[in-house]
Each structure stands twice: as structure tokens, then as C-alpha cells.
Participant: 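Shown below is the structure under consideration.
Counting starts at 1 for both ligands and their atoms, following the listed order.
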Amino acid sequence: MCIAPLLLALSATTQAPFTVGPLTVRPGEARSGFLEVPAARDSGTRIPITVVRGRDPGPVLALVAGTHGSEIAPVLALHRVRRELDPARLRGTVILVHVANMPSFLGRTIYYSPIDGKNLNRVYPGAADGTVSQRIAFAITRDVIARADYLVDMHAGDANESLRPYTYWSKLGLDPRVDSLSREMALAWGNEYIVVDTNRPRDPAASVYTQNTAQTRGKPSITTEIGYLGIPAEDMIAKNVESAFRLLRALGMWPGPVERVARPIWLERTEVLRSPGAGVWTPRVERGQQVAAGTVIGVLTDFFGDQPTEIRAPFAGIVLYIVATPAMNAGEPVAMIGQ
Ligand SMILES: [Zn+2]
């Protein structure tokens, strides 16, 4: 005799409520609201979240969009995921962070917060008494990452970055199980190009990145990149939605066949090329283009259009992203190449 259905039926009614910030969600319910980040040494903000709780128990998956406020395709994608995630079909719980970095989203900034000038994806796990980016990181660490079993930090090309889709798999080396499950998540997500990152910090108290905060806390996680130039391109929105449901199926949280990337392209060597100075940037390659060692990636001139400096590919590979807008500061990325 099979007792599984009886156990599931019991657990659906006896599961304790699941609370994230101000939201208390029972099995079979979905709720949206805000994590408040109160004003302190600088302005406060709020983080729009949705918690969808399946009728049946299962893992908790956090999907985070808008860590960089102008990386838009994932933000729009989570609206669709929210509409399509029927609690009656879901097993487990999904926490959607719709816009992690509201100051940057509303301020239309790239990389940095308009309030404190910090990059949210460099200040984790945050600080309760820090500036607003640090307090956002602190709230997400405490209310989202601590509650999740799995996490995806969903990025895209920022408003200046023409990007082709890829995923970061962090091979951290702290826990083989977590590394291996993170690898499976990368294969489930669906991007063929997967950057193998072995350089992320291993100290949970100085985890720096959203994804790495989860991983150093024993939670399998990936960072994904789908979308470009800060625009809501329909195919990029749809690809983010498709990836989210591919992962839900792989985690056993959503009905349907499990798909893995059939022929992943592991990028063991990557380099972010940086600008030698401030000036006016003209790209010479497209996102996704294969380049040879020495190919001119783009040209930096001074503010009069003179003194051209060519930036060349250091090795043969694929252009994962290329900065496609002219403003350029010293030391900022101009492109990322992977091999
Ligand atoms: Zn980003």
C-alpha cells in the first residue's frame, strides 16, 4: 500500500506558515508586499517581493532580479513568473525579489546606487548600520537568502552592456555537494555558455556577491545573464521565464519534463577587459562574436575624438558582452571575453 498521497495531504494542512518579512503565506497561497529598508545614515528604500507557496511541501527557491537596477529583462520576466506560478501546481515555495535595488532602478543608474555610489553586488552580506546598498544586502541576506534552499541571482547586460546569455557557475570548493548541485542548476537553467568561476570569496562574512552569500551558506546557487542594454527585449524576457520554469522542473517543484543543456560550453578562461582611461568608447565587435587573439574589440578616444587607443582581445574566444555606449571611465569594463 502506498502512503505517500496520505502523507502529502496531511502535510499540506499541517505545514506551518512561511514568513518572509511582512508576508506570512500558507500552503496554496501567494502574497506580494515589500521588505522595508528604513532610512538610517542615508535614505531608506523598499524591496518588492512575492512569495508563492505550493499546496505540497518542497524546497524554497529564491529568484532575485534587479540587483543592478537597469538590468531589466529579469525584472519583467518575474512579473510573468508571478502570474504563471499557480500554487495548486507548485511543490515547495518560490520567493521572487522583483527589484532588489530600487534606488538604482528608479534612478536609472548602471553599476552603482545613486544614493551611496556602491555596487549592490559587491557589498554582501551587507550591514544593518551601513549605507543603503549595505542595508539592502543585509535585508536580502536575512529575509531571502536565509530562508531559501536554492538561489538564482538574475542579471542581464546593464544599460551600457550588449550581452549574449550566459551563466556563472561558482566552483567554490567549500562543499562538493553544493558545488555539484549548483552545476546542475546551471545546466537546468538553459544557457549554453557557462563561466566556471573559481575565484569567489569563501568567507561567509565577506561573501561580496548575492549568489556567493547563498553558496557560502550551503545553498546551491547560480548567477545568470540574459538580456542587454537595459531594454525589455521580448525574446530575452521569454528566455528568463523559460529558464525559471526549467529550473523549477529540475528541482521537482513544477510538473513536466526535466531538461538539461545538451552541449554546455564551459568557459574556463574569461577576462573582463577594462578601459585604460576616461573618454569616448566605440565598440568594434558584437555580443556573441567569436574573436581571434589580437582582434580590436573597440577604440577609446579622448573627448575631442583624438588619441585613439585600441583595446584588443588577449586570447581567442567569444564576446560575452561588449560595452555599446560611448561614455567610459578609467578602469571600467569595456568587454568580457570567454574561452
Ligand atoms: Zn548585473
Participant: Taking all heavy atoms of A16 and all of R53, pick out the closest pair and write down the distance.
Facilitator: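 Reported closest heavy-atom pair: O-NH2, 2.9 Å.
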Participant: Restricting to salt bridge (Lys or Arg N to Asp or Glu O under 4.0 Å), what partner residues turn up for R31, sequence neighbours left out?
Facilitator: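 For R31 the salt bridge (Lys or Arg N to Asp or Glu O under 4.0 Å) partners, ignoring immediate neighbours, are E29.
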Participant: Please confirm whether R122 makes a cation-pi placement over Y111, using NZ or CZ under 6.0 Å from the six-membered ring centre and within 45° of the ring normal.
Facilitator: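 No, a cation-pi geometry is absent between R122 and Y111.
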Participant: What heavy-atom pair brings R260 and R246 nearest, and what distance separates the two atoms?
Facilitator: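 Residues R260 and R246, closest heavy atoms: C-NH2, 3.6 Å.
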Participant: Can you list the residues that meet the salt bridge (Lys or Arg N to Asp or Glu O under 4.0 Å) rule with D149, with sequence neighbours excluded?
Facilitator: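 Result, salt bridge (Lys or Arg N to Asp or Glu O under 4.0 Å) vs D149: none returned.
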Participant: Less than 2.8 Å from the Zn ion (ligand 1) is the window; count the protein N, O or S atoms in it.
Facilitator: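 Near the Zn ion (ligand 1), the number of protein N, O or S atoms below 2.8 Å is 4.
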Participant: What donor-acceptor contacts under 3.5 angstrom involve side-chain atoms of residues 261-273, with partners at least two apart or in another chain?
Facilitator:
none

